[in-house]
Q: 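This is the structure I want to talk about, given as structure tokens.
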Amino acid sequence: MTTSQVDQKRALIKLKHDLEPFRNAIVSGYGVLTWEKQYYAGVVFGAISIMYLLLWYMDLSFITLFSLLALLAFFMDFVIPMLSRLVANGGNWDGEQEAKFEDVCGQLYKIKSSIVDWYDYLFKERKPTMVVIIISMALLALAWIGAIINNLLLMYCATVLVAMWPGLNEKDVFKSLIQKVSKIINDKIQYGKKKLQ
């Protein structure tokens, strides 16, 4: 093993240790986000929709919203480990749940390292002029979209996309869509070849 692999393994073990109090909630949440049961997709979509409907109805100022979200985060950080210990004892924690927990920790570590890599690339490395121009244009386009479309609607769409992404990947929705599109394209190509002959 190289030094970087040892460091990665050590960071993964530390992440797993840090998330240990939340392991029951993480495994349950992973099951919901990957749609282990058929109705979980509707539950995720409905919960997000209700949450954003309440935010729209309350029409809170940014500082109030930020304060309430921070309060909710601190409350959840306190309550979830305590409820996990009360609801699920260590006796009913089996190998399958441990494997799911390790899989989730591995995925979280990959996401974290990707974010760090992107941060290093965008803010620490020297970039050629073309990259700076492309990133600036993309950010200007996002600012323009944000000025035209309601920010709450944009956040709703982004939240739904992020929350539904694991389930869509798990159910191979994208794979089937790509197969259908490639089949249609191939059929059109074959039809065009036959027409040319």
Side-chain angles (χ1 to χ4, degrees), residues 15-16 18-88 97 100-101 103-119 121-123 134-177:
L15 178 65
K16 187 178 171 189
D18 291 344
L19 294 176
E20 193 75 27
F22 302 97
R23 70 181 186 176
N24 289 321
I26 288 171
V27 169
S28 299
Y30 181 74
V32 171
L33 289 177
T34 56
W35 307 348
E36 283 182 355
K37 295 191 171 130
Q38 197 70 22
Y39 60 88
Y40 281 166
V43 169
V44 170
F45 184 78
I48 292 170
S49 298
I50 289 171
M51 182 182 71
Y52 274 92
L53 187 63
L54 285 172
L55 286 175
W56 171 76
Y57 180 72
M58 291 189 295
D59 195 26
L60 302 172
S61 68
F62 177 75
I63 292 176
T64 306
L65 179 63
F66 181 75
S67 299
L68 289 176
L69 289 176
L71 180 66
L72 180 67
F74 286 126
F75 182 72
M76 296 302 274
D77 186 44
F78 176 73
V79 169
I80 287 177
M82 188 169 46
L83 286 178
S84 291
R85 284 192 299 268
L86 291 175
V87 172
Q97 290 174 319
K100 283 182 185 177
F101 180 64
D103 183 40
V104 172
C105 287
Q107 291 176 14
L108 288 174
Y109 177 74
K110 286 178 187 175
I111 291 169
K112 180 182 173 187
S113 62
S114 295
I115 290 171
V116 168
D117 291 344
W118 273 101
Y119 177 81
Y121 173 72
L122 291 175
F123 299 111
I134 291 171
I135 290 174
S136 299
M137 296 301 276
L139 291 174
L140 281 172
L142 284 175
W144 179 68
I145 290 169
I148 293 174
I149 301 172
N150 186 329
N151 290 326
L152 194 62
L153 177 64
L154 287 175
M155 285 306 300
Y156 171 73
C157 293
T159 305
V160 166
L161 180 67
V162 167
M164 296 298 239
W165 192 266
L168 291 171
N169 278 336
E170 188 73 23
K171 300 298 181 192
D172 291 330
V173 172
F174 297 118
K175 187 177 181 181
S176 65
L177 281 174

Q: Atom CG of Leu152 and atom CG of Leu65: how far apart are they, to the nearest 0.5 Å?
A: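 It comes to 9.0 Å.
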Q: Which atom names give the shortest non-hydrogen contact between Thr64 and Ser61, and what distance separates them?
A: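 Minimum heavy-atom contact is OG1-OG, 2.9 Å.
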Q: In terms of heavy-atom contacts, does CE of Met51 have more than 12 from other residues, nucleotides or ligands at under 6.0 Å?
A: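 Correct, the count exceeds 12.
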Q: Got a second to check how far Trp56's CH2 is from Asn150's CG, nearest 0.5 Å?
A: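 Going from the CH2 atom of Trp56 to the CG atom of Asn150 covers 10.5 Å.
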Q: Quick one: does Lys100's side chain have a donor or acceptor within less than 3.5 Å of a partner on Tyr30's backbone?
A: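 Side chain of Lys100 to backbone of Tyr30: no pair is present.
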Q: Which heavy-atom pair separates Phe78 from Met82 by the least distance, and what is that distance?
A: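 Closest approach of Phe78 to Met82, heavy atoms only: CE2-CE, 3.7 Å.
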Q: Take Phe101 and Asn24, measure what side-chain contact (heavy atoms from CB on, under 4.5 Å) needs, and give me the verdict at the end.
A: CA-CA 8 Å; Phe101 180 64; Asn24 289 321; over 6 Å; no
Q: Taking atom NZ of Lys171 as the centre, report whether more than 12 heavy atoms of other residues, nucleotides or ligands fall under 6.0 Å from it.
A: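 More than 12 heavy atoms, drawn from other residues, nucleotides or ligands, come within 6.0 Å of this atom.
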Q: Taking atom CE of Met164 and atom OG1 of Thr34, what is their separation to the nearest 0.5 Å?
A: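 It comes to 12.5 Å.
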Q: What do the steps show when you test Asp77 against Phe22 for side-chain contact (heavy atoms from CB on, under 4.5 Å), and what is the final call?
A: CA-CA 9 Å; Asp77 186 44; Phe22 302 97; 3.1 Å; yes
Q: Show the numbers, then the answer: is there a side-chain contact (heavy atoms from CB on, under 4.5 Å) between Leu108 and Leu19?
A: CA-CA 11 Å; Leu108 288 174; Leu19 294 176; 3.7 Å; yes
Q: Any chance you could measure Leu140, atom CG, to Met137, atom CE, to the nearest 0.5 Å?
A: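 Between atom CG of Leu140 and atom CE of Met137 there are 6.5 Å.
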Q: What heavy-atom pair brings Tyr40 and Gly31 nearest, and what distance separates the two atoms?
A: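 Scanning both residues, the minimum pair turns out to be CD1-O, 3.4 Å.
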Q: Heavy-atom distance under 4.5 Å between the side chains of Leu33 and Trp165, does that happen here?
A: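 No, too far: nothing below the 4.5 Å cut-off.
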Q: Do Trp35 and Pro166 come close enough that some side-chain heavy atom pair is under 4.5 Å?
A: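 No, side chains not in contact.
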Q: When rounded to the nearest 0.5 angstrom, what is the spacing between CE in Met155 and SG in Cys157?
A: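 Here the interatomic distance stands at 10.5 Å.
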Q: Please tell me if the side chains of Leu53 and Tyr57 come closer than 4.5 Å, counting only heavy atoms from C-beta onward.
A: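 No. Closest side-chain heavy atoms not under 4.5 Å.
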Q: Before giving the answer on side-chain contact (heavy atoms from CB on, under 4.5 Å), spell out for Val44 and Val32 the whole-Å C-alpha distance, their side-chain angles and the decisive distance to 0.1 Å.
A: CA-CA 8 Å; Val44 170; Val32 171; 3.6 Å; yes
Q: Taking atom CD1 of Ile48 and atom OH of Tyr52, what is their separation to the nearest 0.5 Å?
A: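 Rounded to the nearest 0.5 Å, the CD1-OH separation comes to 8.0 Å.
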